[in-house]
Amino acid sequence: MKEIQTSREWKEALEKSNEAPQFVMKHSSTCPISASAFGAFRNVETDVPKQYLVVQQSRSLSNEMEDELGIRHESPQLFLLKDGEAIWNASHHDISEPKIQQAIQEYC
């Protein structure tokens, strides 16, 4: 997994999604729900590249993602990107290993 820390890295993830799907997760380093969701995300074995950002460290980047994707910010929040847009997203307790696997099967 790769941490996204800059706008350039975010743009690269969007660009790469034109070639192959990409996961991007926004999570909070202080929230127990976010920790659980991040653990589920980390544990899923997939060939889909997985990237994340920590909201407390990258709030402006999180806002940029919200603007570009047109999806209201939540934390934790997981996006499956394809062709430069979010084709699937989940937040809070909806981020689980079974639901992530289901998204992979349906969209990848």
Between [X] and [Y], is there shared hydrophobic-cluster membership here, with clusters defined by ILVMFWY side-chain heavy atoms closer than 4.5 Å?
X	Y	value
V48	F79	no
V24	I87	no
L81	L53	yes

Does any part of the side chain of [Y], heavy atoms only, come nearer than 4.5 Å to the side chain of [X], both counted from C-beta?
X	Y	value
I104	V44	yes
E64	W10	yes
S58	I4	no
E66	I71	no
I95	M25	yes

What I want to check is whether the side chains of Q5 and E9 have a donor and an acceptor closer together than 3.5 Å. no
Under a plain distance cut-off of 3.5 Å, with no hydrogens placed, do E106 and W88 share a side-chain donor-acceptor pair? no
Check: F41 ring centroid to Y52 ring centroid under 6.0 Å: no
Looking at [X] and [Y], what are the two nearest heavy atoms and their distance?
X	Y	value
A40	E97	O-CG, 3.5 Å
P21	P49	O-CD, 3.4 Å
S62	H73	OG-ND1, 3.1 Å
A86	L69	N-CD2, 3.9 Å

Gap separating the [atom1] atom of [X] from the [atom2] atom of [Y], nearest 0.5 angstrom:
X	Y	atom1	atom2	answer
M65	S60	CE	OG	11.5 Å
L14	E68	CG	CD	6.0 Å
L80	E85	CG	CD	11.0 Å
N89	F23	CG	CZ	11.5 Å
K26	S34	NZ	OG	11.0 Å
Q101	T46	CD	OG1	7.0 Å

Flag if over 12 foreign heavy atoms under 6.0 Å of CG, D47: no
Can you tell which of E74, Q77, R72 makes a side chain to side chain donor-acceptor pair (under 3.5 Å) with S91?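 Only match with S91 under side chain to side chain donor-acceptor pair (under 3.5 Å): E74.
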Step by step, would you call V55 with H27 a side-chain contact (heavy atoms from CB on, under 4.5 Å)? CA-CA 6 Å; V55 175; H27 84 101; 5.9 Å; no
Check this for me: does any side-chain nitrogen of one of K16 and E12 sit under 4.0 Å from a carboxylate oxygen of the other?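 Salt bridge between K16 and E12, a charged N being under 4.0 Å from a carboxylate O: no.
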Check against side-chain contact (heavy atoms from CB on, under 4.5 Å), S7 and K11: CA-CA 6 Å; S7 181; K11 300 284 189 212; 4.2 Å; yes
Spell out, as yes or no, whether a donor-acceptor pair under 3.5 Å connects the side chain of H92 to the backbone of S75. yes
Derivation of the side-chain contact (heavy atoms from CB on, under 4.5 Å) call for L78 and K99: CA-CA 11 Å; L78 178 58; K99 289 185 180 183; over 6 Å; no
